[in-house]
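Below you'll find the structure, written out as structure tokens, and then a few comments.
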Amino acid sequence: MEQFKAMNSMPGAVRDIVYRINERCINLGYKAYIVGGAVRDMLLGVGLLDIDVTVVGDALRLADDLEHLFGYRFIAHPSFKTVTLNTGLNCRIDIATARREVYPKPAALPEVFPSGLYDDLFRRDFTINAMAVSLEGYHLIDPFGGKNDLQSGTIRVMHNKSFVDDPTRILRGIRFETRYGFEMDNKTEELAKASVELGYPGMLSAERICAEMEHVFREPRYTAILRRMEGLGLWKALFGAGKIPPSVYRKLQKIQKGCPGNVKFPILALLEGVHGGKVVEVFIAYKTLYRKLCEYSAREKALRFPVRDKMMERGMLYRLFNGVEKEILEYLYWTAYTWQYKNNIIKYMQEVTGFNFHIGGGDLISLGVKPGPRYNDLLQRARQEIVERGATDRSEQMDILKSVVTKGEEDLGN
Ligand code: CTP
């Protein structure tokens, strides 16, 4: 059997851990294999992040042994019979008991049963993810032609029910297409469309859709993924929402280029620009952040000033952005259409945030203002003017506060 040379691309320290895993397996009478995405990525010669090891044997027992012998610290997931080892080497190793899966109904989580390697590979999404490397001798095991498909750039399902059992796989398929420049073969694409037409993706829980979308936004070219999702009808099937408007795509392009890897911003852009359907329900975990963005938008509207088209003075910037979270400011910056608005945000960050105020509620009492709802308003007005004038001393700031109070009393007709 041919040796799997790509193992050499694995960092030495990680290979040492894998070697120890295999040693223990031999002692326990188990067989161990590297499986799934790690095999795919080693064959492609792209960077490795996580390694999945499948053992024909008891993964929990194996982890106990490794902890005992080498002091590794595993996190166990007993119900799935899997364990995770954070190697501290920028690479996570998951060890799972080989299993076959039975899906009780479409789009539900599967019931799992211990199995041999063949069933464990067969239960997987695509042939390119259904290869294994035996840890005894490092031989490639490829019963479904994954290596060929990898060479021809083909995403091919393992069986006809794959997208019925687990419609998240359609999205995974699109991710791999976009990431590696691959294509689904005709049959796989037909099966994806059929699953969409029969409404299976819509049966996924909101949490699972959200988790898959977060994976999408970790990809460097997620706008292409969204377009492909729309093309296959998957966007509508998952979110029950209309098309993603061109204005949202424009924002997404800016975010994709300006802050790759940021998952929150594209989700904010969708929440902001796609209305109806399940968008809010799916991204419920981002509701608080979205609410902050809405609060800012309301403030901007109430200001009745063309903040997006004109450079603004410091005082106005204070009024507009004061208290707005840094993350929201960053989002506004990256999605801005005009240089004026971008500059306004930068000017606010550089010249206004971090401004030290030496006045407070106590000073209003000393000036004889009776405590009440006007306090906040008076302080805000004073602070705006302080920033505007760049008044850094306490005495200057007090003078401004006094004049604001006097003017306030005049306005009230006192
Ligand atoms: N898998 C599957 N069906 C899914 C999710 C995962 O069959 N819905 C299988 C695939 O064999 C996959 C493996 O489980 O290779 C590991 O899954 P995961 O770590 O999520 O994906 P990777 O293939 O490693 O992809 P990525 O590079 O995006 O992490």
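Quick note: numbers below take in every heavy atom, side chains included, and nothing from hydrogens, waters or symmetry partners. Numbering of ligands and ligand atoms starts at 1, following listing order. Being a predicted model, the structure only gives us computed values, none of them experimental.
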When you look for protein heavy atoms under 4.0 Å from ligand 1, which residues do they belong to?
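Shell around ligand 1 (4.0 Å, heavy atoms): Gly36, Gly37, Arg40, Asp52, Arg124, Asp125, Asn129, Asp166, Thr168, Arg169, Arg172, Arg175, Phe176, Arg179.
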Among residues two or more places apart or on two chains, list those pairs meeting side chain to side chain donor-acceptor pair (under 3.5 Å) that have a residue in residues 43-63.
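Listed once each, the pairs would be none.
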Write out all pairs satisfying side chain to side chain donor-acceptor pair (under 3.5 Å) with one or both partners inside residues 235-261, taking only residues at least two apart or from two chains.
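Qualifying pairs, neighbours excluded: Thr223-Gln256, Glu230-Tyr249, Lys251-Glu272.
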Taking the cut-offs as 6.0 angstrom to the six-membered ring centre and 45 degrees off its axis, would you call Arg308 and Tyr341 a cation-pi pair?
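Flagged: Arg308 positioned over aromatic ring of Tyr341.
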Hey, does the Lys NZ or Arg CZ of Arg100 hover above the aromatic six-ring of Phe122, less than 6.0 Å from the centre and inside 45° of the axis?
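Here Arg100 fails the 6.0 Å and 45° test against Phe122.
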Residues in side-chain contact (heavy atoms from CB on, under 4.5 Å) contact with Asn356, at least two apart in sequence or another chain
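Applying side-chain contact (heavy atoms from CB on, under 4.5 Å) to Asn356 gives His358.
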Does Phe305 have more than 12 heavy atoms from other residues, nucleotides or ligands lying within 6.0 Å of its CZ?
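Above 12, so yes.
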